[in-house]
Amino acid sequence: MAKLLSVGVGALLAASLFMGSGHRADAEVLASDTALEPGLAVCYIPAKIRHIDEMAEWEAKVPCRAGPPLPNLDYAVGTKRVLTSRFSDGIMAVITGYIHLDKPGQWAFAFASNDGVRMEIAGTMIVEDPDVHSDRFSDIGYFNAKEAGWYPITVRYFERKRTSTLKLFWQEPGDSEGTMPIVPPEALGHKAG
């Protein structure tokens with residue numbers, strides 16, 4: 001957890017918590033005896049879209065091709081390949097798996113992305129920055145974990161052209177330091193196959 005979100009986003013977190021903005025959700029935890037592989041599963045669909053809502057149409061008509069799992073979401077690759085795909089432009093990624101929240105309470109999440117991103121935990125949208133944009137931080141979203149454990153996560157992401165960034169940050173309940181580290185690899189898992 002050495003990488004920290006910039007002070008500017010820490011200020012955004014404080015303001016967001018003060019104003020009560022962001023998304024909140026409650027969900028059931030995954031059974032603790034479920035075996036998970038490290039990282040998140042990902043599949044790709046080549047297409048140049050402008051808004052995250054367009055992904056549903058493409059997912060319905062074009063097969064999503066599996067790529068190598070993502071150890072975590074900590075990518076800022078510029079003009080190189082997007083995530084683990086073979087594409088440097090015009091690609092959508094559907095990222096699935098589980099996130100381990102090691103204590104109950106309200107967790108905060110944010111993305112740095114280029115371009116659009118949407119994250120759901122247990123089927124509820126938590127964070128969204130849905131359109132084409134240069135590198136920027138999303139608003140902060142919240143998830144209320146009723147107990148410690150593994151929760152299902154889905155991230156939809158697209159890169160239209162030029163540069164690519166996708167970084168997921170979090171803050172655990174009760175942390176008042178104002179920083180948000182990158183979600184570490186050991187907090188992410190997926191079911192094999």
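Along the sequence shown, the residues carry numbers beginning at 1. The model shown is predicted, which means the values in this text are computed figures rather than measured ones.
- A side-chain donor-acceptor contact under 3.5 Å links Ser138 to the backbone of Phe111.
- Here the closest non-hydrogen pair linking Pro130 and Phe158 is O-CE2, 3.4 Å.
- In terms of heavy atoms, Tyr142 sits closest to Gln106 at CD2-NE2, 3.6 Å.
- Residues forming a side-chain contact (heavy atoms from CB on, under 4.5 Å) with Arg65 (at least two apart in sequence, or on another chain): none.
- Between Met125 and Glu128, the closest heavy-atom pair is SD-CB, 3.5 Å.
- For Glu59, the salt bridge (Lys or Arg N to Asp or Glu O under 4.0 Å) partners are Arg156, not counting sequence neighbours.
- Residues Phe87 and Leu83 share a single hydrophobic cluster, defined by chaining ILVMFWY side chains whose heavy atoms lie under 4.5 Å apart.
- At a threshold of 4.5 Å between side-chain heavy atoms, the hydrophobic network of Ile, Leu, Val, Met, Phe, Trp and Tyr places Val183 and Val77 in one connected group.
- Smallest separation of non-hydrogen atoms from Ile153 and Ile99: CG2-N, 4.0 Å.
- For the side chain to side chain contact (heavy atoms under 4.5 Å, CB included) criterion with Ile126, the lone passing option out of Ile140, Ile121, Val155 is Ile121.
- Under the 3.5 Å distance criterion, the side-chain polar atoms of Glu172 are left unmatched by any main-chain donor or acceptor of Gly174.
- When side chains are defined from C-beta on, Met55 does not count as touching Tyr157, because their heavy atoms never get closer than 4.5 Å.
- Applying the side-chain hydrogen bond (donor to acceptor under 3.5 Å, both in side chains) criterion to Asn72, with sequence neighbours excluded, gives no partner residue.
- Partners of Asn114 according to the side-chain hydrogen bond (donor to acceptor under 3.5 Å, both in side chains) rule, which considers only residues two or more places apart in sequence or in another chain, are Asp135, Thr163.
- Scanning all heavy atoms of the two residues, the minimum distance from Ala187 to Trp150 falls at O-CZ3, 3.4 Å.
- Residue pairs meeting the salt bridge (charged side-chain N to carboxylate O under 4.0 Å, His left out) criterion with at least one member in residues 88-97, sequence neighbours excluded, do not occur.
- The side-chain heavy atoms of Ile95 and Leu73, taken from C-beta on, include a pair separated by under 4.5 Å.
- One hydrophobic cluster holds both Val127 and Leu101 under the rule that ILVMFWY side chains link at heavy-atom gaps under 4.5 Å.
- Contacts of Arg136 classified as side-chain hydrogen bond (donor to acceptor under 3.5 Å, both in side chains), with partners at least two apart in sequence or in another chain: Asp129, Asp131.
- Partners of Lys61 according to the side-chain contact (heavy atoms from CB on, under 4.5 Å) rule, which considers only residues two or more places apart in sequence or in another chain, are Glu57, Trp58.
- Contacts of His190 classified as ring pair (Phe, Tyr, Trp, His ring centres under 6.0 Å), with partners at least two apart in sequence or in another chain: none.
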Please set out all donor-acceptor pairs under 3.5 angstrom arising from side-chain atoms of residues 35-52, sequence neighbours excluded.
| residue | atom | partner | partner atom | Å |
| --- | --- | --- | --- | --- |
| Tyr44 | OH | Thr84 | N | 2.9 |
| Tyr44 | OH | Thr84 | OG1 | 2.6 |
| Tyr44 | OH | Ser85 | N | 3.3 |
| His51 | ND1 | Asp53 | N | 3.0 |

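- For Ala76, the side-chain contact (heavy atoms from CB on, under 4.5 Å) partners at least two apart in sequence or on another chain are Thr165, Lys167.
- Residues that satisfy the side-chain contact (heavy atoms from CB on, under 4.5 Å) test with Pro173, not counting sequence neighbours, are Lys103, Trp107.
- A single hydrophobic cluster is not seen to contain both Ile91 and Val62; linkage of ILVMFWY side chains at heavy-atom distances under 4.5 Å, directly or through other members, places them apart.
- For the atom pair OG of Ser88 and NZ of Lys161, the computed distance is 13.0 Å after rounding to the nearest 0.5 Å.
- Aromatic pair Tyr151/Phe143: centroids less than 6.0 angstrom apart.
- Among residues at least two apart or in separate chains, there is no disulfide (SG to SG under 2.5 Å) pair with a member in residues 140-193.
- Note that CG of Asp102 and CD of Glu147 are 13.0 Å apart. Values are rounded to the nearest 0.5 Å.
- No side-chain donor-acceptor contact under 3.5 Å links Tyr75 and Ser113.
- Although no hydrogens or angles enter the test, the distance criterion places a donor-acceptor pair under 3.5 Å between the side chain of Gln171 and the main chain of Thr179.
- Residues Leu188 and Pro71 share a closest heavy-atom pair of CD1-O, 4.1 Å.
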